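If you're wondering where the values come from, they're calculated on a predicted model, not measured in any experiment. Numbering of residues begins at 1 and proceeds along the displayed sequence.
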Amino acid sequence: MSERKAEIACIADSYDPVAWRELIVRLNGNPFHLPEVWGVGADRDVLRYLVWTSDAAPVAAAVGIVEKKRLLRLLPGSVALRLPTAPVLRDGSGVLRQDLYAALQRACVERGIRDIVVDSRWGEPPDLAGRLGVPAEHSLVEFVVDLTRGEDALLRAMHKKHRKNLRLAQEAGLDVVEDTTLKAFLSVREMQQSSAQRSSEKGNRYAIQDERFYRESFEAIYRDGPGRVLFARKDGEVVAALAYLEFGGKAVTVRSGSTVVGYETSAMYLLQYELIRRLAQRGFSDLNIGGVPAEAAEDSHPQHGLYNYKRNYGGIPRACAGFTCNVAS
């Protein structure tokens with residue numbers, strides 16, 4: 001197929017919610033292309049809906065966030081457009097990914113936007129940054145599980161140590177349930193705090209958002225949106241949780257946590273496998289179980305254990321990166 005050019009059809013501050021979801025499904029997008037995922041903790045007027053067309057037909061889309069920087073916190077500064085995940089580009093469109101950014105740069109010049117910032121989560125291939133003449137930033141390796149292979153094949157694809165831990169969790173009498181209440185969702189934060197403390201002891205430090213953020217996330221994403229949570233219980237008590245987003249046949253895990261009992265009973269292995277199994281039964285095509293820094297493949301990296309945990313579910317490694325493009329005036 002010959003190369004086709006793309007143009008920005010809109011950078012809109014509003015879009016019909018049903019029409020946007022239908023567009024993302026047609027383009028084969030993922031849950032990160034839904035605006036409610038990125039609206040928590042941000043003013044609604046900073047969200048933008050980006051659509052590219054070729055021959056008058058939509059071929060790509062993305063959610064954008066306008067970020068205004070101030071000089072010395074007082075004087076007006078520059079304006080950046082951040083894409084929290086890379087645009088979805090329709091398969092077989094004939095449009096090159098670098099052409100999306102060339103078109104976006106032209107549109108940003110007209111709007112006084114100085115920088116285009118692309119995040120690394122479900123991001124672009126690292127070599128695209130080079131083709132755009134900018135350095136890759138925050139390179140990740142994500143692991144994507146092909147859910148179309150059947151349950152037996154999915155189980156065989158797991159590392160033998162993971163299969164062993166799965167059996168240990170099953171033998172410990174754990175059961176897996178969904179709970180859609182606010183109380184249950186707030187317990188995820190408590191378990192994340194417990195996990196963060198154990199992780200910090202191994203040199204992996206990360207912050208947990210405050211309770212207000214979790215309450216807003218529940219209302220925007222988990223009450224009636226794309227978010228869902230699986231809980232593992234031991235003798236009726238919740239010991240681990242795994243939250244994920246699903247949309248358009250694709251899913252991605254976004255947060256997890258475990259109590260000491262959950263850790264001792266390998267509860268997270270059961271939750272991760274149950275999620276894989278349930279999504280496969282419901283006809284989903286793939287599950288992105290999240291990324292780690294590309295450097296974590298090295299034995300000496302503090303997140304090497306997390307790297308092994310993710311890759312041993314049999315997922316396909318996917319290199320992705322973010323970058324910043326300065327918009328020429």
Go through E237 and R233 one step at a time and tell me if the salt bridge (Lys or Arg N to Asp or Glu O under 4.0 Å) criterion holds.
-> CA-CA 5 Å; E237 295 293 327; R233 297 187 307 190; over 6 Å; no
Flag the pair Y309 / H162 as yes when their ring centroid distance falls below 6.0 Å, and as no otherwise.
-> yes
Do the two ring centres, one from F185 and one from F231, sit under 6.0 Å apart?
-> no
Looking only at atom types and distance, does a side-chain atom of [X] sit under 3.5 Å from a main-chain N or O of [Y], one as donor and one as acceptor?
{"X": "T259", "Y": "V239", "value": "yes"}
{"X": "R48", "Y": "D45", "value": "yes"}
{"X": "N312", "Y": "N308", "value": "yes"}
{"X": "D55", "Y": "A57", "value": "no"}
{"X": "K234", "Y": "A172", "value": "yes"}

For the student: nearest non-hydrogen atoms of [X] and [Y], plus distance:
{"X": "A6", "Y": "L100", "value": "CB-CD2, 4.1 Å"}
{"X": "L89", "Y": "V95", "value": "CD2-O, 3.3 Å"}
{"X": "W38", "Y": "F32", "value": "NE1-O, 2.7 Å"}
{"X": "M191", "Y": "V238", "value": "CE-CG1, 3.6 Å"}

Show your working on salt bridge (Lys or Arg N to Asp or Glu O under 4.0 Å) between E142 and R121 and close with a plain yes or no.
-> CA-CA 8 Å; E142 297 178 335; R121 291 167 295 192; over 6 Å; no
Check the pair Y307, F143 against ring pair (Phe, Tyr, Trp, His ring centres under 6.0 Å), reporting the backbone distance first and the verdict last.
-> CA-CA 9 Å; Y307 170 86; F143 294 94; 5.6 Å; yes
With K310 as reference, evaluate I289, V141, V145 under the side chain to side chain contact (heavy atoms under 4.5 Å, CB included) test and give the passing residue.
-> I289
Side-chain donor-acceptor pair present, E124, Y101, cut-off under 3.5 Å | yes
Check the side chains of E274 and Y269 for a donor-acceptor pair under 3.5 angstrom, ignoring hydrogens and angles.
-> no
Salt bridge check: are E219 and R215 linked by an N-O gap of less than 4.0 Å?
-> no
Using 4.0 Å as the upper bound for N to carboxylate O, is an ion pair formed by E216 and R212?
-> yes
Using the ring pair (Phe, Tyr, Trp, His ring centres under 6.0 Å) rule, take H33 and F247 through it: C-alpha gap first, then chi angles, then the decisive distance, then the call.
-> CA-CA 9 Å; H33 293 118; F247 183 74; 9.3 Å; no
Stacked cation flag R278 on F284, 6.0 angstrom / 45 deg | no
Are S266 and L166 close enough, and set up right, to give a side chain to side chain contact (heavy atoms under 4.5 Å, CB included), and what steps lead you there?
-> CA-CA 7 Å; S266 301; L166 173 60; over 6 Å; no
